[in-house]
Amino acid sequence: MRVTVLAGAESAPFVRELASLLPGHDLTVVASVARDQWVHGLKRTPDADALLDGLRAEPAPATSRVAEELAALGAEPRWAHDDDATLARQVLRTELLAAGFGLAEVTAALSSRLGLPATVVPVSEHRTELHVVVADGDDRRAVHVEEHLAIGTAAAEALVVVSTDDSACDAALAAVRDADVVVLAPVGPTVTRTPLLRAGGLRDALAARPQPLLAAPEADDPLASLADPLDLPATAIGSAADVAAAVRA
């Protein structure tokens, strides 16, 4: 059976458990790109990378020698403190993107090379970064959501999506359209769910499905008050085990 999960970094434990409960099923994970950005000349994808890490049979060693050296050299931003395994993926991802491959193809290839029990694809292949508007004295400024979450800038007042093209990619749309079951994993309603469902075409693809979305409880989100409503037919589920039971029914 084909199962598609809409997810972010905070969904990694849920996705890992679901994959362990559904061996032999065709599992695709559609990752948010709202936290993506370019740092140190490398393509940073925190949501996809957390999901790739979470699905590994054995976690990579949690070393941060490169990030520590960058900090010692005064490289900015200091809050982007990725571990060595994540930076290795960033290097390869950037190299493949420069060679002309799309982000969906690259992310799926990383899933395959790591021997994962699921394929991870981004919701969009275009720059679609979430920024929050914060007060700065008498002025307002937009701050990337990753910076805001890492260093706690002033209270967020609004959301701004900085995008070259907000359309969902073909791989994400196909994963939703062709799935037997679509699951909204535990995600922050603002940090992940809102930008995921704003990807052009994705909400329509979900609404067109004959079966309702299976929606897990929301994850903690310090920006929850700024979230868009779900506004989709959905059946509440409590855990990955509930999804596995629905798939087997």
Side-chain angles (χ1 to χ4, degrees), residues 6-12 30-51 64 66-83 86-87 89-91 93-94 97-98 103 107 122-169 172 186-203 218-231:
L6 309 178
E10 64 273 35
S11 314
V30 177
S32 173
V33 295
R35 304 183 199 185
D36 290 14
Q37 60 186 154
W38 290 84
V39 175
H40 308 313
L42 301 176
K43 177 65 171 175
R44 191 170 185 264
T45 63
D47 290 293
D49 274 325
L51 293 161
S64 300
V66 175
E68 291 164 3
E69 187 66 13
L70 286 167
L73 293 169
E76 298 289 347
R78 305 247 179 145
W79 51 263
H81 194 86
D82 294 314
D83 63 34
T86 299
L87 282 163
R89 288 192 299 274
Q90 290 176 15
V91 170
R93 178 183 298 117
T94 303
L97 290 172
L103 184 60
T107 311
V123 69
S124 176
E125 294 197 286
H126 305 285
R127 181 190 180 197
T128 311
E129 299 173 4
L130 183 65
H131 288 59
V132 294
V133 178
V134 299
D136 188 4
D138 294 330
D139 298 322
R140 299 289 184 274
R141 65 188 181 96
V143 179
H144 194 284
V145 68
E146 279 286 276
E147 178 181 356
H148 179 75
L149 294 174
I151 65 176
T153 54
E157 300 178 352
L159 303 179
V160 176
V161 176
V162 178
S163 177
T164 54
D165 180 343
D166 68 355
S167 60
C169 70
V187 293
T190 299
V191 172
T192 301
R193 189 189 73 204
T194 291
L196 260 175
L197 296 182
R198 285 187 182 183
L202 189 70
R203 182 180 285 277
E218 293 178 350
D220 291 338
D221 188 338
L223 303 173
S225 63
L226 301 176
D228 292 347
L230 178 58
D231 279 347

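Below, each value reflects all heavy atoms present in this structure, side chains not excepted, and no hydrogens, waters or symmetry copies.
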Return yes if some donor-acceptor pair links the side-chain N/O of [X] with the main-chain N/O of [Y] below 3.5 Å, else return no.
X: H144; Y: D36; result: yes
X: S163; Y: D166; result: yes
X: D165; Y: H126; result: no
X: S11; Y: P186; result: yes
X: H40; Y: L42; result: no
X: E125; Y: L103; result: yes
X: S167; Y: G200; result: no
X: T192; Y: G8; result: no
X: R35; Y: A9; result: no
X: T190; Y: L223; result: yes

Side chains of [X] and [Y], heavy atoms from C-beta outward: is any pair under 4.5 Å?
X: R140; Y: V134; answer: no
X: L226; Y: E157; answer: no
X: R93; Y: T45; answer: yes
X: R203; Y: D231; answer: yes
X: K43; Y: Q90; answer: no

Value rounded to 0.5 Å, distance of [atom1] in [X] from [atom2] in [Y]:
X: L197; Y: L230; atom1: CG; atom2: CG; answer: 6.5 Å
X: E147; Y: W79; atom1: CD; atom2: CH2; answer: 6.0 Å
X: S32; Y: E10; atom1: OG; atom2: CD; answer: 8.0 Å
X: R198; Y: D228; atom1: CZ; atom2: CG; answer: 4.0 Å
X: W38; Y: L97; atom1: CH2; atom2: CG; answer: 5.5 Å

Quiz item: Hey, which of D82, D83, D49 is the one that makes salt bridge (Lys or Arg N to Asp or Glu O under 4.0 Å) with R89?
Solution: D49
